[in-house]
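For the single chain, residues carry numbers from 1 onward in sequence order.
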Amino acid sequence: MRRGDFYRVYRGTKYDPKDFRVFLVVSRQAVIDSQFSTVICAPVYSKYDGISTQIALATG
């Protein structure tokens, strides 16, 4: 697992309209490579809602 990797994760609930969600690994690589068992991931959305915590990503 590397910082910046995208993962497609199965949600597993019949109430979620999407079968899969995409997450971006944002933990520092030093933490990922350490003995910690948890990493921080951010959800990736295809729609921008103007929320202050959302950032736009360019393709390419």
Side-chain angles (χ1 to χ4, degrees):
M1 182 176 290
R2 307 284 309 160
R3 179 184 172 114
D5 284 349
F6 289 93
Y7 284 88
R8 187 174 162 188
V9 180
Y10 177 65
R11 293 288 288 180
T13 172
K14 63 182 177 182
Y15 302 108
D16 192 338
K18 295 189 177 195
D19 291 333
F20 296 91
R21 298 286 180 169
V22 177
F23 292 88
L24 171 68
V25 178
V26 295
S27 288
R28 292 176 290 132
Q29 193 60 45
V31 174
I32 296 169
D33 294 338
S34 72
Q35 303 228 354
F36 286 106
S37 61
T38 304
V39 298
I40 304 299
C41 297
V44 176
Y45 297 99
S46 58
K47 180 179 161 191
Y48 181 73
D49 294 318
I51 299 171
S52 63
T53 56
Q54 286 182 322
I55 58 169
L57 298 176
T59 58

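Here the shortest heavy-atom pairing between I32 and V25 reads CD1-CG1, 3.6 Å. Shortest non-hydrogen contact noted between K47 and Q54 is O-NE2, 3.7 Å. Shortest non-hydrogen contact noted between S46 and K18 is OG-NZ, 4.3 Å. Summarising the geometry of D19 relative to Y10, their closest heavy-atom pair is O-CD1, 3.1 Å, with the distance given to 0.1 Å. V39 and M1 make their closest contact through CG2-SD, 3.7 Å (heavy atoms, listed as atom of the first residue, atom of the second, distance).
Of the possible polar contacts, none joining the D16 side chain to the T13 backbone as a donor-acceptor pair under 3.5 Å is found.
Counting heavy-atom neighbours within 6.0 Å of F36 CZ, excluding the residue itself, gives a total of 12 or less. Around CZ of R21, the count of heavy atoms belonging to other residues, nucleotides or ligands within 6.0 Å exceeds 12. Dense packing is recorded around CZ of F20, with more than 12 heavy atoms of other residues, nucleotides or ligands lying under 6.0 Å away. More than 12 heavy-atom neighbours from other residues, nucleotides or ligands sit within 6.0 angstrom of CD1 on I51.
Between the CG atom of L24 and the CZ atom of R3 there is a distance of 8.5 Å, given to the nearest 0.5 Å. Atom CG in D5 sits 11.5 Å away from atom OG in S27 (nearest 0.5 Å).
Linking Ile, Leu, Val, Met, Phe, Trp and Tyr whenever their side-chain heavy atoms come within less than 4.5 Å leaves V44 and Y7 in two separate clusters.
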